[in-house]
2 protein chains.
Amino acid sequence: MNKKEFFLPGTPLYFAVKQSLLAALASGEWVRGQAIPPENQLAEKFGVSIGTLRKAVDELVSEHILIRHQGRGTFVATHESDQHFFKFFRIQRRDGYKTYPTTRLLKFRRRKATREACERLQLPKDASVFHFFNLLSLNNDLVMVDEIQVPEVLFATLNEQSLGERSSTLYNFYQNNFGINIVDTREKLSVCQADSAVAGWLDIAEATPLLLIDRTAYTYQDRPVEWRQTRANTAKYEYIAKD
Amino acid sequence: MNKKEFFLPGTPLYFAVKQSLLAALASGEWVRGQAIPPENQLAEKFGVSIGTLRKAVDELVSEHILIRHQGRGTFVATHESDQHFFKFFRIQRRDGYKTYPTTRLLKFRRRKATREACERLQLPKDASVFHFFNLLSLNNDLVMVDEIQVPEVLFATLNEQSLGERSSTLYNFYQNNFGINIVDTREKLSVCQADSAVAGWLDIAEATPLLLIDRTAYTYQDRPVEWRQTRANTAKYEYIAKD
DNA sequence: TTACATTTGTTCGTATGTATA
DNA sequence: TTATACATACGAACAAATGTA
């Protein structure tokens, strides 16, 4: 039987291979930082030519889901690599200087998801979320407050202590502790004003205008796993948009 | 003699082909909306295999510089296509509704470029620019003011009347009247306050906090051709970031 | 409607080069 | 040095979309 018969008509073979690779990643068959099998083995496994497999992998590489190293292999992307981190961290000083933020956990609780949170995270009505606030500093400036909500069902063992003690970036922490790989984010930006809590944390006057970055973060296959609202003081910093 | 000898060692052949294609585009050999020669002819012209030519074209397609249509040919991208336009227009209503803006030219003059404008547009110190303001409305809401500066040397025949009467988008206008193709933009976002002029145009109170979008727009080979500062009222609208 | 030529899309297989361990 | 793995390049064959006679 022709292999194409297994798929919808009109679906290119390389696309089906790409979906199979994504499914393997989502199932945890290959995990962060590890090499996936070499191209010739994968091609044989899927019963396609090396060129077809290559086209499928090409797309995942361009989406920063896999990383190729000539002579070594193809690896599941981690959030350790600097470039990849800055893909998701877009705030830098107005003179262009980039640094890693230092983080302080301000507040942490478990609560019933609001109606809006359920929509954003595609959760049932009675779901619970963890809801927490982080204060981020750059070059000793208090720059932004992240308000973050994640579904309890995916982050069951999350608690205040481990979150406060983590040494890595938050998405790296998700990856290492919950096996959740953030591969995409979608953001909407607008202007808001500091409420009393945020103003206190950022040491600014109440009602100071702030940049509001409303982000939903997705893992493989477009599944939302985090809703984040960042309120940033852009007096000395700015948001770098892509393309 | 090996063809590779013509290029820097370590430069892949497909990359050299891509640069040749870009040079042909920059020189105006192929113009907006037109089909470039078919793959087999280009492959023969450059003395490479069809697969190598294809890889070069693939990259230009992924950068939205060329557009392929199966059965018809490969075309120089225009700003007429909706999707491409929205790639550069990122403001939409909070409910997700997208529309084209209507534009009114508020002010137009020719002046000596400021020091900052010279830096942004990579111009010599004594260069002149056209400096103009547009008011943009969406769904009959006054949403944003664009402050735009372009080098006189590239837009020599630009004048208030043609700019005010244009029916197309601004980048389409650049393309049709000056042969300038905007293929990339880089944007930095922050918060500002409405000065008296902007407040008057947008019919809001002075010092209302606005989203400031600072954009440099580039044509082929990373040459900056426009500096634009957009001040947007995000009360009912928001900025959609990519990836 | 049909048939045909043109053009890009997909898939295959092979050979050789380069980087790594 | 050697083996492995990805990178580049070549060429061929057929499929699918398009436009035209």
Side-chain angles (χ1 to χ4, degrees), chain A residues 1-21 24 30 33-77 81, chain B residues 1-21 24-25 30 33-78 81:
Chain A
M1 185 199 269
N2 188 325
K3 286 188 195 73
K4 275 188 187 173
E5 304 286 334
F6 290 113
F7 308 107
L8 281 335
T11 304
L13 194 47
Y14 76 85
F15 191 82
V17 172
K18 179 185 173 185
Q19 297 309 314
S20 301
L21 291 170
W30 306 316
Q34 275 192 3
I36 68 173
E39 292 177 329
N40 53 8
Q41 286 180 34
L42 286 175
E44 193 178 8
K45 172 178 172 181
F46 290 118
V48 300
S49 78
I50 196 129
T52 301
L53 179 97
R54 210 144 214 293
K55 186 157 181 171
V57 173
D58 279 348
E59 294 205 351
L60 295 173
V61 168
S62 76
E63 293 166 24
H64 306 284
I65 291 174
L66 297 176
I67 298 178
R68 279 203 276 236
H69 294 287
Q70 185 176 176
R72 291 207 287 142
T74 301
F75 299 79
V76 182
S81 91
Chain B
M1 186 200 266
N2 189 324
K3 288 192 194 67
K4 276 187 185 172
E5 304 287 332
F6 289 114
F7 306 107
L8 279 337
T11 306
L13 193 47
Y14 77 85
F15 191 80
V17 171
K18 179 182 172 186
Q19 297 308 315
S20 299
L21 292 170
L25 287 163
W30 304 316
Q34 274 192 3
I36 67 175
E39 294 177 330
N40 52 8
Q41 286 180 36
L42 285 176
E44 193 178 8
K45 171 177 171 181
F46 290 117
V48 301
S49 77
I50 192 114
T52 300
L53 179 98
R54 216 141 210 296
K55 183 153 182 173
V57 174
D58 279 348
E59 294 204 353
L60 295 173
V61 168
S62 75
E63 292 165 26
H64 306 283
I65 290 174
L66 297 176
I67 298 178
R68 280 202 273 235
H69 293 288
Q70 185 176 170
R72 290 207 289 141
T74 301
F75 298 79
V76 182
T78 73
S81 90

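Residue numbers begin at 1 in each chain, while the letters A, B, ... track the order of the sequences. Just so you know, these numbers come straight off a predicted model, no measurement behind them.
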- line: Atom CZ of A:R68 and atom P of C:dT18 are separated, to the nearest Å, by 18 Å

message: Going by the rule ring pair (Phe, Tyr, Trp, His ring centres under 6.0 Å), which residues pair with B:F75 if we only count those two or more places apart in sequence or in a different chain?
response: B:H69

- request: Tell me which nucleotide among C:dG9, D:dG11, D:dT8 gets nearest to the side chain of B:R54.
  value: C:dG9

- prompt: Of the nucleotides C:dC12, C:dT8, D:dA9, which has the atom closest to the A:V48 side chain?
  reply: C:dC12

- prompt: Is there a side chain to side chain contact (heavy atoms under 4.5 Å, CB included) between B:L21 and B:W30 once you walk through the steps?
  reply: CA-CA 10 Å; B:L21 292 170; B:W30 304 316; 3.8 Å; yes

- prompt: Picking from A:I36, A:T74, A:V48, what satisfies side chain to side chain contact (heavy atoms under 4.5 Å, CB included) with A:L42?
  reply: A:I36

Over 12 non-hydrogen atoms of neighbours within 6.0 angstrom of CD in B:E44: no

- prompt: So how far is it from B:R68 CZ to B:R54 CZ, rounded to the nearest 0.5 Å?
  reply: 4.5 Å

Spacing of A:I36 atom CD1 relative to D:dA5 atom P, expressed in whole Å: 12 Å

- prompt: Closest approach of B:A16 and B:T11, non-hydrogen atoms and distance?
  reply: N-CG2, 4.4 Å

Spacing of A:Y14 atom OH relative to D:dA15 atom C1', expressed in whole Å: 14 Å

task: Give the rounded distance in Å between these two atoms: CG of B:L13 and C1' of C:dT18.
output: 16 Å

message: Below the 4.0 Å mark, does D:dA9 have OP1 or OP2 next to a side-chain nitrogen or oxygen of B:T52?
response: no

field: Length of the line joining A:L53:CG and C:dT10:P, which is rounded to integer Å
entry: 16 Å

- request: Quick one: list whatever passes salt bridge (charged side-chain N to carboxylate O under 4.0 Å, His left out) with B:K55, sequence neighbours left out.
  value: none

message: Using heavy-atom distances to pick each residue's nearest nucleotide on DNA chain C, tell me which of A:I50 and A:F15 is more 5'.
response: A:F15

query: Do any side-chain nitrogens or oxygens of B:K55 fall under 4.0 Å of OP1 or OP2 in D:dA9?
result: no

Shorter than 3.5 Å, N or O on both sides, protein versus nucleotides 2-7 of chain C: list them out with atom names.
residue, atom, partner, partner atom, Å
C:dT7, O2, B:G71, N, 3.2

query: Once you round it to whole Å, what is the distance between P of D:dA5 and CD1 of A:I67?
result: 19 Å

- prompt: Tell me: CG of A:L66 to C1' of D:dA5, nearest whole Å?
  reply: 15 Å

